[in-house]
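Reading through the structure tokens given below for one structure.
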Amino acid sequence: MPSKYILVTGGTGFIGSHTSIALAAAGYIPLLLDNFSNSDARVLQRLNNIIGTTPKLVEGDVRDTPLLAKLFGDYDITGVMHFAGLKAVGDSVADPLSYYDVNVCGTVNLARAMKASGVKTLIFSSSATVYGEPESSPIPEHAPFAPANPYGQSKAMSELILADLHKSDPTWRIARLRYFNPVGAHESGLIGELPQGKPNNLMPFVSQVAVGIRERLTVHGNDYPTPDGTGVRDYVHVMDLAEGHVAALRHVTDNPGLLTLNLGTGVGASVLDVVNTFERVSGRPVARDMGPRRPGDVPAYWADPSQALATLGWKAKRGLDEMCADSWRWQALNPDAYDRRTRPRTTSTAV
Ligand code: NAD
Ligand code: UDP
């Protein structure tokens, strides 16, 4: 019998690669599509070490209509997880057209190809950024859209497009998953996050300070109305997120409809909580300076994850200790992985 695949766009990226592990563990066969604009082909060998087989990969762009038609023709694809996209808020302000092109046009192009081939099961990577600066936390899914930048707009637009698609044909099975702050890495330390250049996000910056790539962390503001004055976020372990995707796939497979869920822990952690926990679990000092607030930052927000529990039976299992320990393991085992971005195109390159 020919294999049935779950297409994972952006499958060599941070969340896509971890979700491919969770898919394989659940008995699905991931088929990766990626253009390597923000990933490294060496992740395939690492996935092989973890899963026991190298996932099939198609190198290409989610906006490439003929490529997608061929992909859906060549493989028996039963569902799609759509991670491919651009995600840097600052870049989206500087270059909004690229963000709308990749994130919105990419999603439309993918959905069109799915429609043409009769594949109507789609798990979409959305973000808590669609809420902008929320009135209060925890944030429920019915909180209004208020994206504050082109990246957030591109996610909100894609969500609305998918809702219209579902309205036009209710046999679609769509999950729009809004992630809070994904961090951590697979427990093996073989794969993890690969930010380009100087990280904007807290966890990769902290791990780079701990390993000695960067000298000091600047804490962006310690005068917020939070318990210790620093910004509060809902950090969620990437493997919990990955398992949430599998749970969502199972759910929509059995229940056609449009599902919208927050994926977070429901617990806020401050910048200093993260730094102190990281120091404790890694045994490494993280030098830090207090700096001014980062423009556009929200003081504090965290998820109301109760709908995901009620609907999927999914709940984040890993706490901040595990998030920091796994980030550190990945960083410590791959000390210069972030700076050695050669992006080979072959799948056989050993790391
Ligand atoms: P990532 O950059 O590590 O992964 C995205 C992958 O998509 C990369 O491998 C990249 O090469 C690929 N890609 C980009 N444009 C493409 C294109 N046009 N065609 C094919 N492949 C393309 O990012 P990630 O953290 O894994 O994020 C995955 C998804 O989750 C994104 O859509 C992102 O917006 C969303 N998201 C991420 C976060 C986060 O903090 N990491 C939070 C909320 C939502
Ligand atoms: N942060 C910080 N120093 C850094 C990077 C981030 O103090 O070098 C803070 C940031 O101000 C926020 C929190 O860490 O309060 C999480 O930031 P991140 O960029 O990881 O996530 P986001 O703000 O996009 O939710």
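Just so it is clear, the model here is predicted, and its values are computed rather than measured. Every number for a ligand or one of its atoms is a count from 1 in the order of the listing.
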For this session: Could you give me the CA-CA distance, side-chain angles and deciding distance for Asp61 and Asn35, then say whether side-chain hydrogen bond (donor to acceptor under 3.5 Å, both in side chains) is met?
Result: CA-CA 5 Å; Asp61 197 297; Asn35 68 357; 3.2 Å; yes
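- The side chain of Tyr151, and not its backbone, has at least one atom closer than 4.0 Å to an atom of ligand 1 (non-hydrogen atoms only; side chain from C-beta on).
- The N/O atoms of Pro182, backbone and side chain alike, include none that comes under 3.5 Å of an N/O atom in ligand 1.
- Summary of contacts: the protein heavy atom closest to atom 18 (P) of ligand 2 is Asn201 ND2, 3.5 Å.
- Ser117 places no side-chain N or O within donor-acceptor distance of the main-chain N or O of Phe72, the cut-off being under 3.5 Å.
- Nearest heavy-atom pair, Ile191 versus Ser188, reported as atom, atom and distance to 0.1 Å: N-OG, 4.5 Å.
- The residue His82 has no part lying near ligand 1, judged by heavy-atom distances below 4.0 Å.
- Heavy-atom proximity to Lys155, at under 4.0 Å, picks out these atoms of ligand 1: 31 (C), 32 (O), 33 (C), 34 (O).
- Within ligand 1, counting atoms from 1 as listed, the ones closer than 4.0 Å to a heavy atom of Ser125 are 29 (C), 30 (O), 32 (O), 35 (C).
- If you look at Tyr224 next to ligand 2, there are no close heavy atoms at all, none under 4.0 Å.
- Of the heavy atoms in Ala128, none comes closer than 4.0 Å to ligand 1.
- Looking at Asp61 against ligand 1, both its backbone and its side chain come within 4.0 Å, counting heavy atoms.
- An N or O contact shorter than 3.5 Å links Leu202 to ligand 2 by distance.
- For atom 4 (O) of ligand 1, the nearest protein heavy atom (residue, atom name, distance) is Gly13 CA, 3.5 Å.
- The distance criterion of under 3.5 Å between nitrogen or oxygen atoms is not met by Ala84 with respect to ligand 1.
- Ligand 1 has no N or O atom lying under 3.5 Å from any N or O atom of Leu33, backbone or side chain.
- Closest protein heavy atom to atom 13 (C) of ligand 2: Tyr235 OH, 3.5 Å.
- Ranking protein heavy atoms by distance to atom 2 (C) of ligand 2, first place goes to His220 CD2, 3.3 Å.
- Side-chain atoms of Thr19 do not come within 3.5 Å of backbone N or O of Gly16 as any donor-acceptor pair.
- With hydrogens left out, the protein atom closest to atom 23 (O) of ligand 2 is Arg294 NH2, 3.0 Å, a heavy atom.
- Scanning all protein heavy atoms for the shortest distance to atom 9 (C) of ligand 2 gives Val271 CG2, 3.6 Å.
- The single protein non-hydrogen atom nearest to atom 12 (C) of ligand 2 is Arg233 NH2, 3.7 Å, given as residue, atom name and distance.
- A heavy-atom separation below 4.0 Å is not found between Phe180 and ligand 2.
- With respect to atom 11 (O) of ligand 2, the closest heavy atom belonging to the protein is Asp297 OD2, 2.5 Å.
- Taking distance alone, with nitrogen or oxygen atoms compared against 3.5 Å, Lys87 approaches ligand 1 more closely than that limit.
- Considering only non-hydrogen protein atoms, atom 3 (N) of ligand 2 sits nearest to Thr218 O, 2.8 Å.
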